[in-house]
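Not measured: the values here are computed from a predicted model.
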Amino acid sequence: VGTGANNEIYSFAKYCNTLFVGGSFATLGGQARSSIGSIDLLTGATTSWNPATDSAVYALALSGTTLYVGGNFTIAGGSSRGRLASFDVTTGALNSWNPGIVGSQINTIVPDGSVIYVGGIFTNVSATSRNNIAAIDSSGNATSWYPAGGTTGAFPDVNAIEISGSNIYVGGRFSTIGGQAIPYLAVADRSTGIVNASWNPTSGGTLTSIMSLGVSSSGALYVGGQYTIFSGACTLPVLAEVNVATGICNASFNANILPGGGYMKSIVLNSTSMYLGGSFTNSGGSARTNLSGVSTTTGVDIGWIPNADQYV
């Protein structure tokens, strides 16, 4: 868009003809914008909206006319906001909503009605103890939903959350969640937060991190990240398909993502395909650089060839 951003972009959210953009940039479309801004999709021009944060924005999510913004900032829209803030997209104004996250950063935000689920690296929502994962209500308070104890480990980060039916899927770098020794990827009950102790998809795998999740209309869970072997049952790198009921990887699904030392940062699904972004040189059996599209049933490339020259 125009001259683009002068540094990395981490997240997007679309509202009508406006695209909200978050990252670690200082300019967007040739205009001074500190880590957050928006673009008019009809003209490609940077809009006048300029809330500014004092550090990076990693996550954006829309719920109705509310834009949720997460990152490692302490100031948003000229006011104190610890890692998490919200704006009214119709006026551009900063909302009074202020959960007061205590910690390093918010990596992911998933709205669910009047509640949002957040994951990252933190210890509290205001005065309420919440380790790296929480549900927050419209008043900015932590709800009772919580996998008891949150996540732990040398790297307890939560990077991705996906809601499907009565389940909430959680991915990251953690070693335990909700008191269960289930690393990297787990499922918690949507009502109680209790973690399913028998659902352990990455058992036997060689992983560094789960970075992205997506549930298809058929109920398959697609899991992207940085790993060379997903599980003992599924020796695939970077991208795998998991049965949501059993937690067992579908070994017949292979999108042939290469090299195995790369990673999958983002997954966007439609009815028959998924669009992938990360660091790779091959996808779906074809040469594809960092961006690609594959069939959700066969893993074969669908012919979308943007070929990004850097990681996505």
Contact summary for [X] and [Y], nearest pair of heavy atoms:
X: M211; Y: A160; result: O-CB, 3.8 Å
X: A287; Y: N307; result: O-OD1, 4.3 Å
X: N250; Y: S252; result: OD1-OG, 2.6 Å
X: P111; Y: L62; result: CG-O, 3.6 Å
X: V115; Y: A135; result: CG1-CB, 3.8 Å
X: T296; Y: F253; result: O-CE1, 3.6 Å

| A52: side-chain contact (heavy atoms from CB on, under 4.5 Å) partners, not counting sequence neighbours | S34, N50

Is there side-chain contact between [X] and [Y], with at least one heavy-atom pair below 4.5 Å?
X: Y58; Y: Q105; value: yes
X: N167; Y: V215; value: no
X: I177; Y: N132; value: no
X: I36; Y: L60; value: yes
X: D309; Y: T289; value: no
X: N200; Y: P183; value: yes

| field | Passing option when R83 is tested against V102, I121, N107, I101 for side-chain contact (heavy atoms from CB on, under 4.5 Å) | value | I101

| request: With N254 as reference, evaluate T235, L236, V300, T298 under the side-chain contact (heavy atoms from CB on, under 4.5 Å) test and give the passing residue. | output: L236

Donor-acceptor check, side chain of [X] to backbone of [Y], threshold 3.5 angstrom: yes or no?
X: Y117; Y: I133; answer: no
X: T53; Y: S35; answer: no
X: S209; Y: R173; answer: no
X: Y227; Y: T206; answer: no
X: N6; Y: A26; answer: yes
X: W97; Y: D137; answer: yes
X: S231; Y: C234; answer: yes
X: R190; Y: G165; answer: yes
X: N290; Y: Q310; answer: yes

| note | Test side-chain hydrogen bond (donor to acceptor under 3.5 Å, both in side chains), reference R288, set N256, T281, D301, output is D301

| field | Worked verdict on Y10 versus V57 for side-chain contact (heavy atoms from CB on, under 4.5 Å) | value | CA-CA 7 Å; Y10 301 123; V57 169; over 6 Å; no

Going hydrophobic residue to hydrophobic residue with side-chain gaps under 4.5 angstrom, can you get from [X] over to [Y]?
X: L221; Y: V195; result: no
X: W145; Y: V125; result: no
X: V187; Y: V244; result: yes
X: L41; Y: V21; result: yes
X: V110; Y: I168; result: yes

| message | Assess, by modelled atom type and distance only, whether the side chains of T176 and T152 contain a donor and an acceptor separated by less than 3.5 Å. | response | yes

| Does the side chain of T47 come under 3.5 Å of the side chain of S38 through a donor N or O and an acceptor N or O? | yes

| request: Report the C-alpha distance between N141 and T128 in whole Å, list the side-chain angles of each, state the deciding distance to 0.1 Å, and finish with yes or no for side-chain contact (heavy atoms from CB on, under 4.5 Å). | output: CA-CA 8 Å; N141 300 313; T128 305; over 6 Å; no

| request: Please say which of F87, Y15, W49 ends up in a ring pair (Phe, Tyr, Trp, His ring centres under 6.0 Å) with F20. | output: W49

| query | Would F230 and L185 count as a side-chain contact (heavy atoms from CB on, under 4.5 Å) if you check the C-alpha gap in whole Å, the side-chain angles of each, and the deciding distance to 0.1 Å? | reply | CA-CA 11 Å; F230 180 72; L185 179 63; 4.1 Å; yes

Atom pair [atom1] ([X]) and [atom2] ([Y]), whose distance is rounded to the nearest 0.5 Å:
X: T108; Y: N159; atom1: OG1; atom2: CG; answer: 8.5 Å
X: I305; Y: S283; atom1: CD1; atom2: OG; answer: 11.0 Å
X: L213; Y: I161; atom1: CG; atom2: CD1; answer: 9.0 Å
X: S198; Y: Q180; atom1: OG; atom2: CD; answer: 9.5 Å
X: I106; Y: F122; atom1: CD1; atom2: CZ; answer: 4.5 Å
X: F280; Y: L291; atom1: CZ; atom2: CG; answer: 6.0 Å

Side-chain atoms of residues 269-279: list all donor-acceptor pairs with protein atoms under 3.5 Å, sequence neighbours left out, distances to 0.1 Å.
unit_1	atom_1	unit_2	atom_2	d
N270	OD1	T272	N	3.1
N270	OD1	S273	N	2.7

| said: Walk me through whether V242 and Y169 qualify under side-chain contact (heavy atoms from CB on, under 4.5 Å). | reply: CA-CA 11 Å; V242 173; Y169 300 93; over 6 Å; no

Please table the atom pairs, donor to acceptor, closer than 3.5 Å between any side-chain atom in residues 66-78 and protein atoms at least two apart or in another chain.
unit_1	atom_1	unit_2	atom_2	d
N72	OD1	S55	OG	2.8
N72	OD1	A56	N	3.0
T74	OG1	D54	OD2	2.6

